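What you are looking at is a predicted structure, and each value in this text was computed from that prediction instead of being measured. Chain naming here is simple, since letters A, B, ... match the order of the sequence lines and numbering starts at 1 in each.
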2 protein chains.
Amino acid sequence: MITLKDIAKEAGVSVMTVSRVVNMRYSEVSEENIEKINSIINRLGYVPNSSARSLSSKSSKIISIIIQGENNVLETPYNATMLGYIVQHVQECGFNAMVHFINEYSDVTKHLQSWNAEGAIFLGTFDKNILQIQENNKIPLVFTDSYSSVRQLINIGIDDYKGGVLAARHFIENGHREFAFVTLHTSVSQLIQQRLRGFKDTIENAGLSLSEEHILEPFQMEETIQRLTTLKKPVTAIFAAADNTAIELMDQLKKKGYRIPEDFSIIGFDNLPMSRYVSPQLTTISQDIMKKAHYAIDILFQHLNDPALPTQNIILDVELIKRESVLDRNTFAK
Amino acid sequence: MITLKDIAKEAGVSVMTVSRVVNMRYSEVSEENIEKINSIINRLGYVPNSSARSLSSKSSKIISIIIQGENNVLETPYNATMLGYIVQHVQECGFNAMVHFINEYSDVTKHLQSWNAEGAIFLGTFDKNILQIQENNKIPLVFTDSYSSVRQLINIGIDDYKGGVLAARHFIENGHREFAFVTLHTSVSQLIQQRLRGFKDTIENAGLSLSEEHILEPFQMEETIQRLTTLKKPVTAIFAAADNTAIELMDQLKKKGYRIPEDFSIIGFDNLPMSRYVSPQLTTISQDIMKKAHYAIDILFQHLNDPALPTQNIILDVELIKRESVLDRNTFAK
DNA sequence: CTGAAAGCGCTTACAG
DNA sequence: CTGAAAGCGCTTACAG
């Protein structure tokens, strides 16, 4: 391993002069030395030791990306896409991305402090522990999709409630009167609750109803199907809390011989690329994942540069993408 | 920040004794001190500083995961899934995962050396630079899907050639006689070439042929469609080098009014979860991504524990998954 | 079983 | 413009 000392000896100067050149503090070094030292650095392939730098300067250049969950969290396309944009952007800013999949709150602080991360971005639900995490880690912490009531909170979210509203409205406009809401058991978070609330409120404001037994969050998709197809009041319109769920639901309903959208109309959430390729193409609520990722990083760096900046909770808009999975019952034979 | 020194002072011992406890070298410390020190560590929430540890012990506990590409590399489900399994497994082994998206060879060494990574796993094509990378980084380096001729190489690959063979054989058995091969322009790698070769060889061994103009790797999917539908000898069987490509191809063909599999039969590669949900369900060549990821990590740690271990090139099997996107022309009206 | 000393590779803060 | 000294938080290697 080549060190500052090696370069210094070769150049006949002190390590400080080399350090200045490495850190491009050119105004503090003679042109002659800058040139000489840079050429030696290139010839020897010197790479600064980040650990040493981090230890002495208290600046690690590490951004931690903390994702809730442990198993296959990147099989969820939403997480994979977010992570992809974030890592890319972090690199472009000259920082390093360290990725942690985490279930237990205490691990968060451990990882952050262990590497002296300068900031962190959270994907998933950490609401219950946000205060403690903030308490223990005095660095910029950017949460996503949080519904925590903590006042001082940097968060990038989307208008989940409006997503539910848009879905309900679209169903109602198309003549649907009996609704269901489907989510995975594992994803019972505020985020999902908001989508449900927007959906339910809109239905009720229209003088219709979404009863408890039409809200399905069982362990197995099979159980969902079973219940969905045997409800006392048959349902025609299903709002799934995520495209993933919608697509699997659609697949299994089709396998049982049901037609989409004739027997069941479905709306998803996320507008994943995949939703365009299934058949029928999935009508869904879209969120701009790239924008969300970029905002997250940009705000993180703003706070890195100015710790006095007030926190901000940014809510991005959502949009209904009409495709083929919702039947218009107004024109359809009654 | 709490340091060893703080704990030592509180316990009335030297930092060495605390260090021994932190590193669980319990046989070297009195039971009384172990207990006292551990309770102080818990009370104060001490977290060891990994940079300091890395600097003094030359052991960083960092595994770098290097993914070729810069833009949206995790939008490719294969990459996302591999990365997910790898990060999870790395964590379970008590190491930290640092993720780098990289285009230029020189960045590899820079990142590896900068953080003193103890090992690295590569996703994507680095064949041209493997020798240089190995030369500059004397740590265990695990490549995936490499076709490099470097003899000393740790690699986990799959039998791409066989994948091509299986696809061709399936088409031929189902009465197809005119074939095409489709890949994205960006993915012209040995990996893809092997899939093509297996496909082409099998076709030719059956006394049929795959001419140059039936091998399509244009920039835009639209151009592919255009050429595919205007070939002098009309094609009925298309082998796409990846499920991604197959699914997009299928989508666009359907939009133009072609029927799958009646007008065009299609086979993909990877067996992504998505391939089950499209309509018709995609017949594809499957590879076991989880197994691949686990092998990669396991071999990495074996070499970490015993640097003298010989390198190994592990090739996993592939399998044809028959679904609905291939028409049996033997029974179909001729 | 315990600890004092030296050092990992760098930067900060200061003196000149 | 340059450099000697001290220190970041830990571990290694040694002495007792």
Side-chain angles (χ1 to χ4, degrees), chain A residues 1-38 40-41 44-62 96 110-118 139, chain B residues 1-38 40-41 44-62 96 110-118 139:
Chain A
M1 163 179 265
I2 314 286
T3 68
L4 276 192
K5 217 167 151 187
D6 299 326
I7 311 281
K9 193 186 293 177
E10 186 87 5
V13 298
S14 74
V15 291
M16 264 320 295
T17 304
V18 181
S19 170
R20 288 186 177 103
V21 173
V22 168
N23 290 292
M24 301 204 285
R25 287 152 55 179
Y26 289 151
S27 65
E28 305 171 21
V29 185
S30 71
E31 269 200 40
E32 187 197 340
N33 271 337
I34 294 177
E35 227 165 280
K36 193 204 300 181
I37 292 171
N38 266 331
I40 298 177
I41 286 176
L44 268 49
Y46 169 72
V47 178
N49 181 322
S50 293
S51 293
R53 206 175 240 178
S54 171
L55 188 59
S56 62
S57 75
K58 309 279 161 211
S59 145
S60 66
K61 293 272 179 186
I62 289 180
N96 298 98
K110 206 185 301 173
H111 282 121
L112 255 34
Q113 295 191 352
S114 161
W115 288 103
N116 255 290
E118 296 195 47
I139 55 174
Chain B
M1 164 178 262
I2 315 288
T3 68
L4 277 193
K5 217 168 152 185
D6 299 326
I7 311 283
K9 193 186 292 176
E10 186 88 6
V13 298
S14 73
V15 290
M16 264 321 295
T17 303
V18 181
S19 170
R20 288 185 177 104
V21 173
V22 168
N23 291 290
M24 300 202 286
R25 287 154 54 182
Y26 289 151
S27 65
E28 305 171 21
V29 184
S30 71
E31 267 198 43
E32 187 197 342
N33 273 336
I34 293 178
E35 228 164 279
K36 193 203 300 178
I37 292 172
N38 266 331
I40 297 177
I41 286 177
L44 267 50
Y46 168 72
V47 178
N49 181 321
S50 293
S51 294
R53 205 174 239 179
S54 171
L55 188 60
S56 62
S57 74
K58 308 281 161 209
S59 145
S60 65
K61 293 271 177 188
I62 288 180
N96 298 97
K110 206 186 301 173
H111 282 122
L112 255 35
Q113 295 190 353
S114 163
W115 288 103
N116 255 293
E118 297 195 46
I139 55 175

Find the distance between NE2 (A:His111) and CD1 (A:Ile62) and round it off to the nearest 0.5 Å.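 Answer rounded to 0.5 Å: 11.5 Å.
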Counting any heavy atom closer than 4.0 Å, what does [X] reach on the DNA or RNA strands: base, sugar-phosphate only, or nothing?
X       : result
B:Val22 : nothing
A:Tyr46 : sugar-phosphate
B:Ser27 : sugar-phosphate
B:Ser51 : nothing

Symbol by symbol from the 5' end, with Watson-Crick or G-U pairs under 3.5 Å, [ ] crossing and | another strand, DNA chain D is |||.||||||||.|||
With sequence neighbours excluded, tell me which residues meet salt bridge (charged side-chain N to carboxylate O under 4.0 Å, His left out) with B:Arg20. B:Glu28
Under 3.5 Å, side chain of B:Ser56 to main-chain N/O of B:Ala52, donor-acceptor pair present? yes
On DNA chain D, does the nearest nucleotide to B:Arg20 precede the nearest nucleotide to A:Ser57 from the 5' side, or the other way round? Give the residue. A:Ser57
Taking the nucleotide of DNA chain D with the closest heavy atom to each, which residue, A:Val29 or B:Ser56, is nearer the 5' end? A:Val29
Smallest separation among heavy atoms of B:Val29 and B:Thr17, with atom names: CG1-CG2, 3.9 Å
Go through DNA chain C in 5' to 3' direction and return only the first and the last nucleotide with some atom under 4.0 Å of chain B's heavy atoms.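 So the contact region on DNA chain C extends C:dC1 to C:dG9.
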More than 12 heavy atoms of other residues, nucleotides or ligands under 6.0 Å from CE of A:Met24: yes or no? no
